[in-house]
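Read the structure below first, then the notes.
Counting convention: from 1, in listed order, for ligands and their atoms alike. Starting from 1, each residue takes its place in the sequence as its number.
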Amino acid sequence: MLTVRAPATSANLGSGFDVFGVALGTPADVVRVERAPETTISVTGAGSQYIPEDPKKNTVGAVADALDAPARIRIDKGVRPSSGLGSSAASAAGAAVALNELYDRGLTREELVPIAAEGEALVSGEAHSDNVAPSLLGGFTVVADGGITQVDASIPVVACLPETTVSTRDARDVVPEHASLDDVVDTVGHAATLAVGMTRDDPELVGRGMADRIVTPERTALIEGYERVREAALEAGATGVTVSGAGPGILAVCRGSSRRDVAAAMLEAFDSVGIESRAYQTAVGEGARLYRE
Ligand SMILES: Nc1ncnc2c1ncn2[C@@H]1O[C@H](COP(=O)(O)OP(=O)(O)O)[C@@H](O)[C@H]1O
Ligand SMILES: N[C@@H](CCOP(=O)(O)O)C(=O)O
């Protein structure tokens, strides 16, 4: 049996819609695989009651098909689905690494990205790779024109997840089809600032570079309490705040020393609007890790 721990991810980072993503230290999915004549899937853990075990509907089934690698697959969910932390992608990335090894396919992590993205196409309607790339490669990833650039980074963050859900498919429907040149110029400037910040492990630049006035405002409207949580996090010392993935999770970039205060402020702000939430105090971290048992 092979076991893979595949991390949660936070995509977009505001200014990098469908392009930027980071792997997070916690939480993570654990995917176990054994060879079998046909693919079967069982799911336990966070939100497992909402995740189909039918291989035609689960992201790992799409990966097993794409690799022609039938297996008994067990998923222990650490990443809650539809919360904006790349839950469907974590399972897909974990399965891609595990099945590639189990069937000796010899593909590199980069080559596994489009395979894991097949799972994303199944659930969100589009094979966007900005979650599977960091879950497979770790660190900060830039997916552009089918190519991927990766850099290891060490940036402290808090990911705060309200007890509400937003499906990525629904959140993609509110993305505007057009943007003004002014807004595009503004977004490019912020995205470039963020990328430089990642190469320097600089939370000030990364936080500042997350600002985006094209996609994020449309998405925040779907998240009850967003403005209050954002303000609370900034007051507590966050250097930038944005929607994590398609939401409703909210990502705050922090200086290491402020993570605890930022997490407490975000939890309290959600609580003040009657919404329970959970905060992960974590950092940009490594990609999927393979274990043999
Ligand atoms: N292995 C899986 N893990 C999580 N969600 C899955 C999986 N397979 C299928 N899904 C479905 O994908 C949807 C969640 O995906 P999505 O809306 O993109 O949110 P997330 O950001 O959590 O991936 C849910 O409808 C869930 O049932
Ligand atoms: N770029 C995608 C990312 C979706 O991330 P998820 O964690 O919410 O699945 C988008 O913004 O639609």
Task: More than 12 heavy atoms from other groups under 6.0 Å of CZ on R172 - done: yes
Open item on the list: If you count every heavy atom of other residues, nucleotides or ligands that lies below 6.0 Å from E268 atom CD, does the total exceed 12?
Closed with: no
- [ ] Give the atoms of ligand 1, by number and element, whose distance to some non-hydrogen atom of P52 is under 4.0 Å.
- [x] 27 (O)
TODO: Establish, from distance only, whether the side-chain atoms of D201 and S154 form a donor-acceptor pair under 3.5 Å.
DONE: no
Task: Those atoms of ligand 1 less than 4.0 Å from some heavy atom in S91 - done: 1 (N), 2 (C), 3 (N)
Task: Nearest-option assignment for atom 21 (O) of ligand 1, heavy atoms, candidates A171, A89, G86 - done: G86
- [ ] Between S10, G249, S82, flag the one that comes closest to atom 13 (C) of ligand 1 by a heavy atom.
- [x] S82
TODO: Decide whether an N or O pair under 3.5 Å exists between D29 and ligand 1.
DONE: no
- [ ] Quick one: look up the protein heavy atom nearest atom 3 (N) of ligand 1 and list residue, atom name and how far away it is.
- [x] K77 NZ, 2.9 Å
TODO: Can you sort out which atoms of ligand 1 are near S167, meaning under 4.0 Å from one of its heavy atoms?
DONE: 17 (O)
- [ ] Name all residues meeting the salt bridge (charged side-chain N to carboxylate O under 4.0 Å, His left out) criterion together with E110; count only those two or more places apart in sequence or in a different chain, and write none if there are none.
- [x] none
Task: atom 25 (O) of ligand 1 touched by protein (heavy atom, under 4.0 Å) - done: no
Open item on the list: Testing the 3.5 Å rule here: is there a donor-acceptor pair between the side chains of K77 and T44?
Closed with: no
- [ ] Answer yes or no: is there a donor N or O on one side and an acceptor on the other, between the side chain of S135 and the main chain of A89, under 3.5 Å?
- [x] no
Task: Y103 six-ring centre to R35 NZ/CZ under 6.0 Å and within 45° of normal - done: yes
Task: Residue, atom name and distance, where the atom is the protein heavy atom closest to atom 27 (O) of ligand 1 - done: Y50 O, 2.8 Å
Task: N/O separation below 3.5 Å, T59 to ligand 1 - done: yes
TODO: Could you check atom 1 (N) of ligand 1 against the protein and tell me its nearest heavy-atom contact, residue, atom and distance included?
DONE: N58 OD1, 2.9 Å
Open item on the list: As an exercise, state the distance from CE of M1 to CG of L102, rounded to the nearest 0.5 Å.
Closed with: 11.0 Å
- [ ] Among all protein heavy atoms, pick the one closest to atom 15 (O) of ligand 1 and tell me residue, atom and distance.
- [x] S88 OG, 3.5 Å
- [ ] Count the heavy atoms belonging to other residues, nucleotides or ligands that lie under 6.0 Å from CD of Q49, then report whether that count exceeds 12.
- [x] yes
Task: E163 CD: over 12 foreign heavy atoms closer than 6.0 Å - done: yes
Open item on the list: I'd like to know whether CZ of R260 has more than 12 heavy-atom contacts from other residues, nucleotides or ligands below 6.0 angstrom.
Closed with: no
Task: Donor + acceptor pair across side chains of E224, T164 (<3.5 Å) - done: no
Open item on the list: Quick one, S82 with T165, criterion side-chain hydrogen bond (donor to acceptor under 3.5 Å, both in side chains). Give me CA distance, side-chain angles, the key distance, then yes/no.
Closed with: CA-CA 5 Å; S82 305; T165 56; 5.5 Å; no
Task: Residue and atom name of the nearest protein heavy atom (relative to atom 16 (P) of ligand 1), distance in Å to one decimal - done: T168 OG1, 3.2 Å
Task: S83 near ligand 1 by a heavy-atom separation under 4.0 Å - done: yes
Open item on the list: I want to confirm something. Looking only at heavy atoms, which of S124, S87, A46 is nearest to atom 20 (P) of ligand 1?
Closed with: S87
Would you mind writing out a table of all protein N or O atoms found under 3.5 Å from any N or O atom of ligand 2, naming both atoms and giving the distance to 0.1 Å?
residue  : atom   : partner : partner atom : Å
ligand 2 : 1 (N)  : N12     : OD1          : 3.0
ligand 2 : 1 (N)  : D18     : OD1          : 2.5
ligand 2 : 1 (N)  : D130    : OD1          : 3.4
ligand 2 : 1 (N)  : D130    : OD2          : 2.6
ligand 2 : 5 (O)  : N131    : OD1          : 3.1
ligand 2 : 7 (O)  : G84     : O            : 3.4
ligand 2 : 7 (O)  : G86     : N            : 2.8
ligand 2 : 8 (O)  : T168    : OG1          : 3.3
ligand 2 : 8 (O)  : A246    : N            : 2.9
ligand 2 : 9 (O)  : T168    : OG1          : 3.0
ligand 2 : 11 (O) : N12     : ND2          : 2.7
ligand 2 : 11 (O) : R219    : NH1          : 2.8
ligand 2 : 11 (O) : R219    : NH2          : 3.2
ligand 2 : 12 (O) : R172    : NH1          : 2.7
ligand 2 : 12 (O) : R219    : NH2          : 2.9

TODO: Could you tell me the residue and atom name of the protein heavy atom closest to atom 7 (C) of ligand 1, and the distance to it rounded to 0.1 Å?
DONE: I51 CG2, 3.6 Å
Task: Identity and separation of the nearest protein heavy atom to atom 10 (N) of ligand 1 - done: V123 CG1, 3.7 Å
Task: T187-R213 side chain donor-acceptor pair, cut-off 3.5 Å - done: no
Task: Among R169, K57, R80, E120, closest by any non-hydrogen atom to atom 9 (C) of ligand 1 - done: K57
Task: S244-S10 side chain donor-acceptor pair, cut-off 3.5 Å - done: yes
